[in-house]
Number of protein chains: 2
Amino acid sequence: MKATATANANIALTKYWGKRDKKLMLPNNGSVSMTVDGMHTKTTVEFSPSYEKDIFIINGKEIGEGNAYDKTVKHLDLIREKAGIREKAKVMTENNFPTAAGLASSASGFAAITLAASKAAGMNLDKRELSIIARRGSGSASRSIEGGFVEWQKGEKEDGSDSYGVQIAPPDHWGFRMIAVITSTAQKKVKSTAGMAQTVDTCPYYKDWLATVQGDIDAVKQGIADKDFTRVGSTAEYNALKMHATMITTKPPIIYWNDATMRIMHSVMGWRDSGLESYFTMDAGPQVKIMCLEKDVGEITKRLKDIEGIEDVVLCKPGEAARLVDDHLF
Amino acid sequence: MKATATANANIALTKYWGKRDKKLMLPNNGSVSMTVDGMHTKTTVEFSPSYEKDIFIINGKEIGEGNAYDKTVKHLDLIREKAGIREKAKVMTENNFPTAAGLASSASGFAAITLAASKAAGMNLDKRELSIIARRGSGSASRSIEGGFVEWQKGEKEDGSDSYGVQIAPPDHWGFRMIAVITSTAQKKVKSTAGMAQTVDTCPYYKDWLATVQGDIDAVKQGIADKDFTRVGSTAEYNALKMHATMITTKPPIIYWNDATMRIMHSVMGWRDSGLESYFTMDAGPQVKIMCLEKDVGEITKRLKDIEGIEDVVLCKPGEAARLVDDHLF
């Protein structure tokens, strides 16, 4: 009744922004992401009659109450229900990157706990089923079950059974790279869930976000298939700007960018104009993820050293799918 | 046949963004502005048979060709046609603030030349006629003929005869102030005219900008009438963010903000949260104009000293209408 899984974070090339069903975590629009090698969560789950309540330990610290604890218990309940068991669980989880600072720790976290807990509960679920359950914990977690380049299909059904992540291309498909540039490790003021809800409710531009997202998804998918970096990078950058424009025009406005974000955005545009092809994307936070080809990683990393306000730089290669491992955390 | 006029710049509280008629400079939407005391253009115009061609001297430097010269000649032609004269003119003009860096020098410039040239050509036009002619040189110049708080009515007629600036409230109406914070005096890469055209042509959010602008105008006008600073400031800030969101999502994206712009925006939001009520607005450039009440000018000016990347700070009070003066520049 014990299992351990690792899952990688993912970075969206076209963004998920807005839910059509908050309980089932069904999105208003599909999205495409790259699963990221090296930014991962490792989680061990054990169900046992000896636990009187669910125990949740994250990065060595027991979390006994609050939002993170409640979400974890709810997710375990979902898995217990599916497996037909009642035992409480001990969950120990470790992230190797900053939590809740726009680096999608909830995606790798819910992907890892879904795989570990379902296995510990005696189930052998396929990727589709795992993705659907992971989605219930955090929408973007549906994309972290698979490796490489993944599309989270929006789906049409009310029960969410057709809304899950599907691999578009494997990790070794091409030399596409992302460089995550950390400009602040502070917890963000407005979490994604609240930001999304506020945007859907108050942004006058949101319906045109929805009206244009599918075109971006199609362009990015075709670009990946064709190994057309310009198409993928320019579409992804534009999609991110469109998403941030909906945040900026929400009431009250949500501005996730900081001054370093702005410096990096202008630098990337300048590099591109002078022949070093690169693009940027940002999620619900001030970090910038620079898209480039493998051959340019060295030059870009070097140039980043001259920009003020950067706390960390992490090279992101396409990563593998979530998987079970033998070395348990307890 | 010689006359001199001064006209003040203006700063929009709700923005003009997009033309429905490029030749007549008719806007897609109305706008509201404050005419600014102290940021002015002074222009002397003399029509004389002794000039073989139009002479244009700006800040002491003769401009003999190029876009600025052509636009000036075209504007003189308009006035010559209306006055029924053929003489060429000498135009000498001086700005007391940086040209083309997002501080609306074209607004005060075309307002001043319209008043000086029409008078030098023997006409005594009323403010409505002056505003309509000034508008042909630069849309926002239609708002610099009047003083205080001005609405540029969009108008409906094809000939533009109902699209001009009207005073909403005189300069001494209330203690509303703007603090112009100059973050860069470099000429901007994309001029307003090009930026507008690109937005109208390519931005998926532009139609919702248009759909929501009238509500902002009504709110700002009512706020001015009621001397309700919160309503005017919050609406103006939101309107500016909505305009910038259309620029950011234009193809290719136009990002006028720089890192100092972003620092100032976040500072203003922070000050507001802690009880120092202030709002920001930005035009097609990286400068920030902070809106506040007269009583808070000192505290805000003091706090601005701690922000990096500020080149200059200019206090803007509501200013007077364009007027004829006796001290000619030549």
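Proteins get letters first, then strands, A, B, ... in listed order; numbering begins at 1 in each. Remember, predicted model here, so these are calculated numbers, not experimental data.
Scanning all heavy atoms of the two residues, the minimum distance from B:V232 to B:I224 falls at CG2-N, 3.5 Å. A:M291 approaches A:G233 most closely through the heavy-atom pair CE-O, 4.0 Å.
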Next item on the list: Report the C-alpha distance between B:V150 and B:V32 in whole Å, list the side-chain angles of each, state the deciding distance to 0.1 Å, and finish with yes or no for side chain to side chain contact (heavy atoms under 4.5 Å, CB included).
Entry: CA-CA 6 Å; B:V150 178; B:V32 174; over 6 Å; no
Next item on the list: Given side chain to side chain contact (heavy atoms under 4.5 Å, CB included), test A:L304 with A:I179 step by step and report yes or no.
Entry: CA-CA 10 Å; A:L304 284 169; A:I179 301 172; 3.9 Å; yes
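Screening residues 178-202 of chain A for ring-ring contact (aromatic ring centres under 6.0 Å, His included) gives no qualifying pairs among residues at least two apart or on separate chains. Residue pairs meeting the ring-ring contact (aromatic ring centres under 6.0 Å, His included) criterion with at least one member in residues 286-311 of chain A: none, sequence neighbours excluded.
Contacts between B:M247 and chain A at a heavy-atom distance below 4.5 Å are absent for every atom of the residue.
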Using only distance, no hydrogens or angles, which N or O donor-acceptor pairs sit under 3.5 Å between chain B and chain A?
unit_1 : atom_1 : unit_2 : atom_2 : d
B:Y205 : OH     : A:K242 : O      : 2.9
B:K207 : NZ     : A:D208 : OD1    : 3.1
B:D208 : OD1    : A:K207 : NZ     : 3.1
B:Y238 : OH     : A:T249 : O      : 2.5
B:K242 : O      : A:Y205 : OH     : 2.9
B:T249 : O      : A:Y238 : OH     : 2.5
B:W257 : O      : A:H266 : NE2    : 2.5
B:D259 : OD2    : A:R263 : NH1    : 2.7
B:R263 : NH1    : A:D259 : OD2    : 2.8
B:H266 : NE2    : A:W257 : O      : 2.6

